[in-house]
Student: 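Here it is, the structure, as structure tokens.
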Number of protein chains: 2
Amino acid sequence: MSTHYKGSIREQDVLNTWIKLTRAHDSVGRVLKTNLDSSRITMTQFGVLEILEHLGPQTLKIIGEKILLTSSNLVTVVDNLERDGYVVRTQNPQDRRSIIVSLTGEGKLAIKPIFESHLQELMIAFECLSSDELQILGDLCKKLGHNQNIKEKK
Amino acid sequence: MSTHYKGSIREQDVLNTWIKLTRAHDSVGRVLKTNLDSSRITMTQFGVLEILEHLGPQTLKIIGEKILLTSSNLVTVVDNLERDGYVVRTQNPQDRRSIIVSLTGEGKLAIKPIFESHLQELMIAFECLSSDELQILGDLCKKLGHNQNIKEKK
DNA sequence: ATCGTTTTATTTGATATTTAATTAATGCTA
DNA sequence: TAGCATTAATTAAATATCAAATAAAACGAT
């Protein structure tokens, strides 16, 4: 009886924590998305731009791995970014199957204020947490996320 | 100079924590989604079923508030659940505009093993966290999520 | 009581995402 | 080096989601 009782409490705790984690992620995400809407850019597009800004030109394959997107979805996202003049596709001289995506000069200029505004929103979203709390939250999330990746490799 | 420096560190910390939170949420979510795939059910459908299981029959309006979905999307989700025999729509006698969604007997039976398997996956996903860590993570997420909702009301 | 406003659900049209199949290039091996 | 399996990107078709417009019912003020 004791075992079942403990298990049930653990289940409750896990479920509650998962719900709170999801709510937190969703509500911060919603704030960020709303902010991006005014720039006529989607969260997924933003993610791709962020990778290019931080890591420089990358192949579609690498971008897909970083952003955890299916390749076909990535194609349309990059299509749209290219249509809007933010990025450009070029051939990879090392491997002719592979496509390198890079930011255009125009793109870099256009996204700078978007990044800044995005970061500002994020700062406001997290203002309720002290730096200690921020650290702890980050550590626990890292541990949790890492646990899933380990299992995937099994 | 000191002010800018501190701000920059805070920005780094917020950004890193947000990324870790997102990764954790995504990777656990992916595990859960993979698990649901075998039942031919989507995460959104699962969310609706869960609400009905826990709270009993509810109006579309209430379900939409709980699950944070646009009303138009909710209509198609419930359409599909109804098509598959899990739920049924009935008129609300109190308000003829309103539609009440409830689980069918067949639906209750069908989803029971799905819920159990989902909970099991969740237990495994969180097994890396002690009950103290679980509590702390939940509290911090709650604080974070709550901070966004407050601002929305402004 | 009636008109205007609000609420609830739905429809419609546009985007986003996923899955599966396709094309082209590379690497391996025998 | 010829054939086969693998990889990278794309396309096509199905599904999911969102935003805006619509329809029907309820509410509220005068």
Side-chain angles (χ1 to χ4, degrees), chain A residues 22 26 29-49 51-52 57-84 86-102, chain B residues 22 26 29-49 51-52 57-84 86-102:
Chain A
T22 301
D26 287 358
R30 203 159 33 248
V31 169
L32 296 177
K33 181 180 181 307
T34 303
N35 183 244
L36 284 185
D37 280 346
S38 57
S39 314
R40 313 297 293 159
I41 221 175
T42 68
M43 290 284 270
T44 313
Q45 290 176 344
F46 182 83
V48 171
L49 293 176
I51 286 173
L52 296 179
Q58 297 292 326
T59 63
L60 277 180
K61 178 180 158 48
I62 301 287
I63 297 172
E65 285 168 2
K66 299 277 181 204
I67 212 177
L68 295 169
L69 218 55
T70 58
S71 58
S72 59
N73 191 8
L74 189 50
V75 167
T76 67
V77 172
V78 171
D79 281 350
N80 292 336
L81 286 173
E82 204 170 15
R83 176 200 62 197
D84 298 340
Y86 293 126
V87 305
V88 65
R89 280 176 167 92
T90 52
Q91 280 280 346
N92 181 354
Q94 262 79 47
D95 184 339
R96 278 194 299 163
R97 290 170 303 181
S98 154
I99 294 285
I100 293 176
V101 182
S102 35
Chain B
T22 301
D26 287 359
R30 204 159 33 249
V31 169
L32 296 178
K33 182 181 180 307
T34 303
N35 182 245
L36 283 186
D37 279 347
S38 57
S39 314
R40 311 299 290 158
I41 221 175
T42 68
M43 289 285 270
T44 312
Q45 289 176 345
F46 182 82
V48 172
L49 293 176
I51 286 173
L52 295 179
Q58 297 292 325
T59 64
L60 277 179
K61 177 179 160 46
I62 301 287
I63 297 173
E65 285 168 3
K66 300 277 181 204
I67 213 176
L68 295 169
L69 215 57
T70 59
S71 57
S72 59
N73 192 7
L74 188 52
V75 166
T76 66
V77 171
V78 171
D79 281 349
N80 291 337
L81 286 174
E82 204 169 15
R83 177 200 62 198
D84 297 342
Y86 292 126
V87 305
V88 65
R89 279 176 168 94
T90 51
Q91 280 282 345
N92 182 355
Q94 264 79 47
D95 183 339
R96 277 194 299 163
R97 291 171 302 181
S98 154
I99 292 287
I100 293 175
V101 182
S102 36

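Per chain, numbering begins at 1; letters A, B, ... match sequence-line order.
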Student: Quick check on dA16(D): is either OP1 or OP2 less than 4.0 Å from any side-chain nitrogen or oxygen of Asn80(B)?
Tutor: yes
Student: For Leu69(A) and dT17(C), give me the distance from atom CG to atom P, rounded to whole Å.
Tutor: 7 Å
Student: Side-chain N or O of Lys33(A) less than 4.0 angstrom from OP1 or OP2 on dA19(D)?
Tutor: yes
Student: How close do Val48(A) and Leu81(A) get, heavy atom to heavy atom, and via which atoms?
Tutor: CG1-CD1, 3.7 Å
Student: Could you tell me which non-hydrogen atom of Ser102(A) sits nearest to which non-hydrogen atom of Leu52(A), and how far apart they are?
Tutor: C-CD1, 4.4 Å
Student: For a quick test of reading the model, state the closest non-hydrogen atom pair linking Leu74(B) to Leu60(B) and the distance between them.
Tutor: CD2-O, 3.2 Å
Student: Between Arg30(A) (CZ) and dT17(D) (P), how many Å, whole number?
Tutor: 15 Å
Student: Could you tell me whether Lys33(A) and Asp37(A) make a salt bridge, using a distance below 4.0 angstrom between a side-chain N and a carboxylate O?
Tutor: yes
Student: Here's a test of your reading of the structure: between Leu68(B) and Gln94(B), which maps to the more 5' nucleotide of DNA chain D?
Tutor: Leu68(B)
Student: Met43(B) CE to dT17(D) P: how many Å, rounded?
Tutor: 11 Å
Student: How many Å lie between CD on Gln91(B) and C1' on dA26(D), as a whole number?
Tutor: 14 Å
Student: Does the protein touch nucleotides 3-10 of chain D at the base, only the backbone, or not at all? Give it as B, S and - per nucleotide, heavy atoms under 4.0 Å.
Tutor: ----BSSB
Student: Taking OP1 and OP2 of dT18(C), is either one under 4.0 Å from a side-chain nitrogen or oxygen of Asn73(A)?
Tutor: yes
Student: Tell me what Thr76(B) touches on the nucleic acid: a base, only sugar-phosphate, or nothing, going by heavy atoms under 4.0 Å.
Tutor: base
Student: Which pairs count as side-chain hydrogen bond (donor to acceptor under 3.5 Å, both in side chains) when at least one residue sits in residues 68-82 of chain A, sequence neighbours excluded?
Tutor: Asp79(A)-Arg89(A), Asn80(A)-Arg83(A), Glu82(A)-Arg89(A)
Student: Distance from Leu36(B) atom CG to Ile41(B) atom CD1, nearest 0.5 Å?
Tutor: 6.5 Å
Student: Starting from P on dT18(C), measure out to CZ on Arg40(B) and report it in whole angstrom.
Tutor: 15 Å
Student: Using a 4.0 Å heavy-atom cut-off, does Asn92(A) contact any base of the nucleic acid, only the sugar-phosphate backbone, or nothing at all?
Tutor: nothing
Student: Between dC18(D) atom P and Leu36(A) atom CG, what is the distance in whole Å?
Tutor: 15 Å
Student: What pair of heavy atoms forms the shortest contact from Arg96(B) to Gln91(B), and how long is it?
Tutor: O-OE1, 3.3 Å
Student: Let me know the distance between CG of Leu74(B) and P of dT17(D), rounded to the nearest Å.
Tutor: 11 Å
Student: Starting at the 5' end of DNA chain C, which residue's closest nucleotide do you reach first, Arg96(A) or Val77(A)?
Tutor: Val77(A)
